[in-house]
Amino acid sequence: MATTAESAQQWLEEKKPSTEEIQSVITKLEARIEQQGEDDPAMAGSVDALLLLQAYLARAPSPEQEIDTVSESDAPGLDNSALIPDADPVELEAEVKRRAFEALKAQLKDL
């Protein structure tokens, strides 16, 4: 069976391979393409499949994201009441905010 982007997409959808399995196939495709030459017309399907699998891995969540996904409602709340005196933040005028922003921007430009 020839390797194409279509067959790679079908494999991803039907088999739901692990990241390691996908990486293994990518490694094999890279070796095959390197051996035969990327410009070989017979390798066009393999190149397309390789690009599709690499893009799929780039979009896939990292293992850390899969293992521990805590929703915001489950996360402990942050008590910042001691950070703001009397829990009453200072309101700045728009012009003061703009000048402070422009000053910061100028400082960063100099770096």
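Heavy atoms only: backbone and side chains are in, while hydrogens, waters and symmetry mates are out.
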Quick check on side-chain contact (heavy atoms from CB on, under 4.5 Å): which of L29, T27, I22 does V25 satisfy it with?
L29

Are more than 12 heavy atoms from other residues, nucleotides or ligands located less than 6.0 Å from atom CD of E34?
no

Going by the side chain to side chain donor-acceptor pair (under 3.5 Å) test, which pairs reach into residues 46-57, not counting sequence neighbours?
E30-Q54, R32-S46

If only atom types and distance count, is the side chain of E21 paired as donor or acceptor with the main-chain N or O of S18 below 3.5 Å?
yes

Separation between CD of Q10 and OG1 of T4, rounded to the nearest 0.5 Å
8.5 Å

Could you state the interatomic distance from CG (L57) to CD1 (I26), rounded to the nearest 0.5 Å?
4.5 Å

Sequence neighbours left out, what passes side-chain hydrogen bond (donor to acceptor under 3.5 Å, both in side chains) with Q9? Give chain and number order.
E13

With sequence neighbours left out, the residues meeting salt bridge (Lys or Arg N to Asp or Glu O under 4.0 Å) with E102 are K105

